[in-house]
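The structure's right below; bear with me while I get my questions together.
Note that the structure is a prediction, hence the values are computed from the model and not measured. Proteins get letters first, then strands, A, B, ... in listed order; numbering begins at 1 in each.
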Protein chains: 2
Amino acid sequence: MSVTDQIIEAGQTVFVVDDDLSARESLCWLLNTEDIASRAFASAESFLDHWNPDLTGCITVDIRMPGKSGLQLQEELNARHNLMPVIVLTGHADVPVAIRAMKLGAYDFLEKPYSDDELLACVKNALALSREIDHAEIEISRLARALENLTDREREVMCLVVEGNTNKAIGVQLGISEKTVEIHRARVMEKTAARSLSELVRICLILKDKI
Amino acid sequence: MSVTDQIIEAGQTVFVVDDDLSARESLCWLLNTEDIASRAFASAESFLDHWNPDLTGCITVDIRMPGKSGLQLQEELNARHNLMPVIVLTGHADVPVAIRAMKLGAYDFLEKPYSDDELLACVKNALALSREIDHAEIEISRLARALENLTDREREVMCLVVEGNTNKAIGVQLGISEKTVEIHRARVMEKTAARSLSELVRICLILKDKI
DNA sequence: GCTGACATAGGGGTATTCCCTTATTATAAT
DNA sequence: ATTATAATAAGGGAATACCCCTATGTCAGC
């Protein structure tokens, strides 16, 4: 990976996916005039090759492309739990396609020809949203890493604690001494850096689908 | 209110909003063949007059209508925190309108002429979603009522408890005795029917925007 | 065989919570 | 005036949580 790549990936980038070279060039040029980093891809496949969960910014896609269409790209990105907003830009729009794109979670849908201002406003809003999503995601992954460091027993005790059980009840339920529960519980608080039971409950609620 | 109205409002109903009489009649007839209750309105205004937060089911709206348009109806319903899914049915669709409708939270967007099967599938899915929303909402309003019965002081203490403070710290913060905090706290647990601190934390997180 | 991680468990002490009782004061409603 | 509600506070005790310490057994990996 080159130094340039690292700089691009460190900040927000607009990933332009369009099979039409002149469309890519004019869009990247427009973004450049506003000091917005961009990177162009001539197909859904080439962007998917480049895609990774740590990219940040937003994506613009054309619908009609040789190979995977823009909608298929959306589907694949959804399957990969992509967090970047997707803006659909297309000259060949009809209502059913627009609806499908929106149902697939498109952030917005612009018909060519669109005005520069319209597109820039849309991209800037998408980048702002991306920033918010990233901040939330950083916190979530920090907590997720903490939970991954728990042993199975600690996780088990944590769940029972969060459900509102006392150490004594947990001991009975797991067939171990209250003292041992106490130790597991203390380790959970230490590893998750939770400073109170309510903080632990909040952590578990945020990550309830990842435990 | 007639007995018929009560029966209609007790269960799920499809609220058909369309200025075209024959469109209303054919849609209600179709729904009737599937034993789905429906009620027709000739304008956005007349439906809004009838609307109340306790209605359950889904809504179908045409876009182009004299008076308030379908999109304006969506805006007004959103302002009133309507929970029923809105299905947009229109014969005069263009992409920008479809996108606006979806951004306003439309559940689906069907162009006339649509097939009966297509519409029925859409309505049935919307009704299933409505059922889920209602179940969640019943629980939320039950909890909200409980929180409304709290006194100001109890609510204040509850928030500090949920933030992870000890009774002693809360007493210092509010300038009252730890003993008094203890009493407020006990009343909070009693009124919210929370059987543990973790349950109280969960209740507060669910209602965090309503406290 | 040794080390490290993990689960187990007890002793002992302090802090905190939870539950009972009683009591005073203020304010609002009847 | 009387009643009801809310906020205040204290004493006392049981249960629980939290903190220190030591200690044993297992099991994987070197």
Subject >> Distance in angstrom units between Glu154(B) CD and dT8(D) P, rounded >> reply: 10 Å
**OP:** Give Thr166(A) one of three labels, base, sugar-phosphate or nothing, depending on what nucleic acid heavy atoms sit under 4.0 Å from its own.
**Re:** sugar-phosphate
Which side-chain N or O atoms in residues 193-211 of chain A pair as donor and acceptor under 3.5 Å with protein atoms at least two apart or in another chain?
residue	atom	partner	partner atom	Å
Ser196(A)	OG	Ser198(A)	OG	3.2
Ser196(A)	OG	Glu199(A)	N	3.3
Ser198(A)	OG	Val162(B)	O	3.1
Ser198(A)	OG	Gly164(B)	N	3.3
Glu199(A)	OE1	Arg195(A)	N	3.4
Arg202(A)	NH1	Val162(B)	O	2.9

Subject >> Rounded (10°) bend between the five-pair end axes of the helix from dG1(C)-dC30(D) to dT30(C)-dA1(D) >> reply: 40°
Subject >> Length of the line joining Glu156(B):CD and dA7(D):P, which is rounded to integer Å >> reply: 10 Å
Original post:
When rounded to the nearest 0.5 angstrom, what is the spacing between CE in Met158(A) and CZ in Arg155(A)?
Top reply: 7.0 Å
Original post:
Would Leu147(B) and Thr192(B) satisfy side chain to side chain contact (heavy atoms under 4.5 Å, CB included), going step by step from the backbone distance to the final call?
Top reply: CA-CA 7 Å; Leu147(B) 288 204; Thr192(B) 61; 3.6 Å; yes
Original post:
Under 3.5 Å, side chain of Gln72(B) to main-chain N/O of Ser69(B), donor-acceptor pair present?
Top reply: yes
**OP:** Using the test side-chain hydrogen bond (donor to acceptor under 3.5 Å, both in side chains), find all partners of Glu76(B) that sit at least two apart in sequence or belong to another chain.
**Re:** Arg80(B)
Subject >> Terminal contacting nucleotides, 5' and 3', DNA chain C versus chain A (heavy atom, 4.0 Å) >> reply: dC6(C) to dG12(C)
Subject >> Pairwise side chain to side chain donor-acceptor pair (under 3.5 Å) hits with a residue in residues 96-108 of chain B, at least two apart >> reply: Lys103(A)-Asp108(B), Asp108(A)-Lys103(B)
**OP:** Could you note down all residue pairs passing side chain to side chain donor-acceptor pair (under 3.5 Å) where residues 135-144 of chain B supplies at least one of them, sequence neighbours left out?
**Re:** Glu139(B)-Arg142(B)
Original post:
Does any non-hydrogen side-chain atom of Thr56(B) lie less than 4.5 Å from one of Leu127(B)?
Top reply: no
Original post:
Atom SG of Cys58(A) and atom CG of Leu83(A): how far apart are they, to the nearest 0.5 Å?
Top reply: 13.5 Å
Subject >> Close approaches to DNA chain D from residues 142-153 of chain A, in residue order (heavy atom, under 4.0 Å) >> reply: none
What does the list of N/O pairs under 3.5 Å between the protein and nucleotides 18-22 of chain D look like, with a distance for each?
residue	atom	partner	partner atom	Å
dC18(D)	OP2	Arg185(A)	NE	3.1
dC19(D)	N4	Lys179(A)	NZ	3.4
dC19(D)	N4	Glu182(A)	OE2	2.5

In a table with atom names and distances, give each donor-acceptor pair under 3.5 Å that connects a side chain of residues 60-67 of chain B to protein atoms at least two apart or in another chain.
residue	atom	partner	partner atom	Å
Asp62(B)	OD1	Thr90(B)	OG1	3.4

Original post:
Taking only residues two or more places apart in sequence or in another chain, which ones pass side chain to side chain contact (heavy atoms under 4.5 Å, CB included) with Leu21(B)?
Top reply: Arg24(B), Glu25(B)
**OP:** Please determine if Arg145(A) and Glu148(A) form a salt bridge, counting it only when a charged side-chain N lies under 4.0 Å from a carboxylate O.
**Re:** no
Atom pairs under 3.5 Å: protein N/O with N/O of nucleotides 24-30 of chain D:
none

Original post:
Nearest 0.5 Å, what's the CZ-CG distance between Arg187(A) and Asn149(A)?
Top reply: 12.5 Å
**OP:** Specify the separation, in whole Å, of atom CG of Asn165(A) and atom C1' of dT16(D).
**Re:** 14 Å
**OP:** Using the six-membered ring wherever Trp is involved, compare the ring planes of Phe41(B) and Phe47(B) and label them parallel, tilted or perpendicular (cut-offs 30° and 60°).
**Re:** perpendicular
**OP:** Rounded to the nearest angstrom, tell me the gap between atom CG in Leu160(A) and atom P in dA17(D).
**Re:** 13 Å
May I have the list of side-chain donor-acceptor pairs in residues 168-186 of chain A shorter than 3.5 Å, sequence neighbours left out?
residue	atom	partner	partner atom	Å
Ser177(A)	OG	Lys179(A)	N	2.9
Arg185(A)	NH1	Asn167(A)	OD1	2.7

